[in-house]
Protein chains: 2
Amino acid sequence: MDPGYVTLEQVAEHAGVSLATASRVINGSTRQVSQRLREKVEASAHELGYLANASAQTLARNSSSLMGLVVHDIADPYFSQIAAGVTRYAEELGLVLVLGTTNRSTQAETRIISALRSHRAKAIVIAGSRTTSEESDARLAKEIEAFGRQGGRVALVSQATLPADTVTPNNHSGAAALAQHLVAQGHRRFAILAGPPNLRTARERLDGFHCALSAAGLELAHHNVVHGDFTRDGGYESTRRLMALGTDATCLFAVNDVMATGAIAALRAMGKTVPEDLSVAGFDDIPTLRDLTPSLTTVRLPLEEMGERAAALALDSDHHGEPRVVSVEGTVMARESTAPPRN
Amino acid sequence: MDPGYVTLEQVAEHAGVSLATASRVINGSTRQVSQRLREKVEASAHELGYLANASAQTLARNSSSLMGLVVHDIADPYFSQIAAGVTRYAEELGLVLVLGTTNRSTQAETRIISALRSHRAKAIVIAGSRTTSEESDARLAKEIEAFGRQGGRVALVSQATLPADTVTPNNHSGAAALAQHLVAQGHRRFAILAGPPNLRTARERLDGFHCALSAAGLELAHHNVVHGDFTRDGGYESTRRLMALGTDATCLFAVNDVMATGAIAALRAMGKTVPEDLSVAGFDDIPTLRDLTPSLTTVRLPLEEMGERAAALALDSDHHGEPRVVSVEGTVMARESTAPPRN
DNA sequence: CACCGTTGGGAAAACTCTTTCCCAGAGTAG
DNA sequence: CTACTCTGGGAAAGAGTTTTCCCAACGGTG
């Protein structure tokens, strides 16, 4: 009856040494083992095809080689980019990455984090903007705190209200820079697809854009700001509503690229051409969207790098003070979807 | 000194019962526990904030709640779609998903699988076409076999040479159906961006397309088939090479959507318009690419569903015979990037 | 009322490692 | 030559669960 795996005890026996010695050979412990025994153990391990039992190791060491990543939706290119960065960093350190998706449910989020806690994960990266709801934040903060007491560390991507290291895009300044660019192009009246009203990221981009307009002495008409889902279809839908009400705007700013994509599709369906009838700009610079026609004016965010840096923060175990905040600047990518307005 | 976690023993003590009883209450075992004790234990567990140690459970049960997913690149929308399907299924069953990315290295692949083996994962889904290299397949087959002996199960997405359950798109028939559609539109001379020569998926799509042309009595000129990377940039590059050599084709078939995207970009850069100067078709129907202009004629694959079905196969533990193969048909999506050729 | 089967509780072994602690032997200094 | 310090090996004690095995109590049958 082949159980399918070999234990360290069998390796030790096969090599004619004690369990302790075998253990010391397999994982280079601080203790020395003589060359002779070392070779014997290594030979036996190889011959028997020994593979350590990770759970037993985790239990004995009380620390695992797992790292967690929590995203809203892995099929969303925004998150899959970040995931690629986190993955790369984890792989480099020989860590195993656990992926949890929340579908924007805070309940799922706490469930996932508690699962990671139960697995004694080393660190967790939580990506994805949070709603501004106080009460779900409190629940999450409690989980994070519990995780910290266990010796785990958390880093966040693009959200700064929780007590943990954070990598956050400077949404405010990115949106402001975009606004300045558009104003310089000659636009004076803007419409905004502002996404969900309580989503922090969406809010910051809206605010940044708004501020820059104010600074330029321009007003943003209330009826030109429409809220909707943070998705392609949300952008489509919001644009239809905006146009149905009529707008005098010459430029439409969607607070992320996928919404901008939906907006362009909606405008095309209505027989409007971009940028001739209306300019459209987005935010994020999603790689898969770079080949849209017209190509999208947007703000580039180094998403993969952000993931990597968040992973690095989460795994930097010798920092123990105030949460650190790394702010990442976006750069305006001027492309075809915006053009000076026709007078 | 707060260790940060509560053990089952502490719960048992707090509730005034034995460790065995506490264990039986927390995970509904087959054994009954009286209502009275059950409530006491539950109350204690809740009061102390008990969270089971997953490693200890895995060790004791010799079976974990982990499920593995192996992809080439999580930022590639093809894989992130599949990942979304697998995730959904895993989450439904309360399993924790471990994500491994190989960057198309078979070495990384075996490393990841052995890590999953060491964690006593329940099942693994391996997504992504394999190269047709015999020798790396053999190594992988050995890992999979070892995993099976441990009681784990593997399912593959889109590759059928290994001895494990497989969900595979019918690349051959999908490409053939696409070819038929294009021939019916009036095209007679085709060029193909065939991807890497040794990549199974690419090969099958090429073959299917080729077969259908032959059946229609059409030839495929050798110089009209160009190989290159399976990526957006590979498509761009391949198209440039194709056009530099000159082609008489009226329609260009790229064996996946991202390559088709690169092709359209390259053509545009050369001042050619699609579909007027040249029709372009792809394969996969990546959602984020649906808003391209012109919209892409392609073959739709239900990627998320494929991921889900693969997960289901991998977790269906009462099947123990020959590997099963689930074939998924693609459907031709006729859109704007192809049009009847101008005579 | 004796016997038997069932129910529910607890003690303890098992799972596979890591690490502490102890000990023998070798080397070194006084 | 003794005493002391290293060095490297092994026995055994954990780590936190699950599960087997044993036992007491109870209810029903003849």
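Residue numbering restarts at 1 for every chain, and letters A, B, ... go by the order of the sequence lines. Just so it is clear, the values below take in all heavy atoms, side chains as well, and ignore hydrogens, waters and symmetry mates.
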Q.
Please report the distance, rounded to the nearest Å, between CZ in Arg61(A) and P in dA13(D).
A. 22 Å
Q) Think Asn27(A) has a side-chain N or O under 4.0 angstrom from the OP1 or OP2 of dT18(C)? A) yes
Q. If you check the Val33(B) side chain, which of dG9(C), dG10(D), dC17(C) turns out closest?
A. dG9(C)
(Q) Nearest whole Å is fine: how far is dT17(D) C1' from Gln57(B) CD? (A) 7 Å
Q: Give one of base, sugar-phosphate or nothing for Ser23(A), where a contact means two heavy atoms less than 4.0 Å apart.
A: base
Q: For Glu9(A) and for Arg24(A), find the nucleotide of DNA chain C with the closest heavy atom, then tell me which residue's nucleotide is more 5'.
A: Glu9(A)
Q: Write down the distance between CD1 (Ile26(B)) and P (dG16(D)), rounded to a whole number of angstrom.
A: 16 Å
**Q.** Glu92(B) with Arg88(B): basic N within carboxylate O range, under 4.0 Å
**A.** no
Q: Rounded to the nearest angstrom, tell me the gap between atom CG in Leu59(A) and atom P in dA13(D).
A: 17 Å
**Q.** Which residue lies more 5' along DNA chain C, comparing Val6(A) with Arg31(B) via nearest heavy atoms
**A.** Arg31(B)
Q: May I have the distance from Asn62(B) (atom CG) to dT18(D) (atom C1'), rounded to whole angstrom?
A: 12 Å
Q. Hey, is Arg139(B) close enough to Glu143(B) for a salt bridge, meaning N to O under 4.0 Å?
A. no
Q: For dG10(D), take OP1 and OP2 only and decide whether either is under 4.0 Å from a side-chain N or O of Thr21(A).
A: yes
Q | Length of the line joining Gln150(B):CD and dT16(C):P, which is rounded to integer Å | A | 11 Å
Q: Among the candidates dG8(D), dG10(C), dC17(C), find the nucleotide nearest to the side-chain atoms of Ala20(B).
A: dG10(C)
Q. Below 4.5 Å, heavy atoms only, C-beta onward: do Val125(A) and Met67(A) meet side chain to side chain?
A. yes
(Q) How many whole angstroms separate atom CG of Leu37(A) from atom P of dG8(D)? (A) 11 Å
Q) Is Asn53(A) near enough to dC15(C) that one of its side-chain N or O atoms lies under 4.0 angstrom from OP1 or OP2? A) no
Q: Look up atom CG in Leu69(A) and atom CD1 in Ile74(B), then write down how far apart they are to the nearest 0.5 Å.
A: 9.5 Å
Q | Leu99(A) side, atom CG; Thr87(B) side, atom OG1 - distance, nearest 0.5 Å | A | 5.0 Å
Q.
From the set dG16(D), dC17(C), dA11(C), return the single nucleotide nearest to any side-chain atom of Tyr5(B).
A. dG16(D)
Q: Would you mind reading off the distance between Tyr50(A) atom OH and dT18(C) atom P, rounded to a whole angstrom?
A: 6 Å
Q.
Classify Leu19(B) by what it touches in the nucleic acid, base, sugar-phosphate, or nothing, heavy-atom distance under 4.0 Å.
A. base
Q. Can you find a side chain N or O atom of Ser34(B) that sits less than 4.0 Å from OP1 or OP2 on dG9(C)?
A. yes
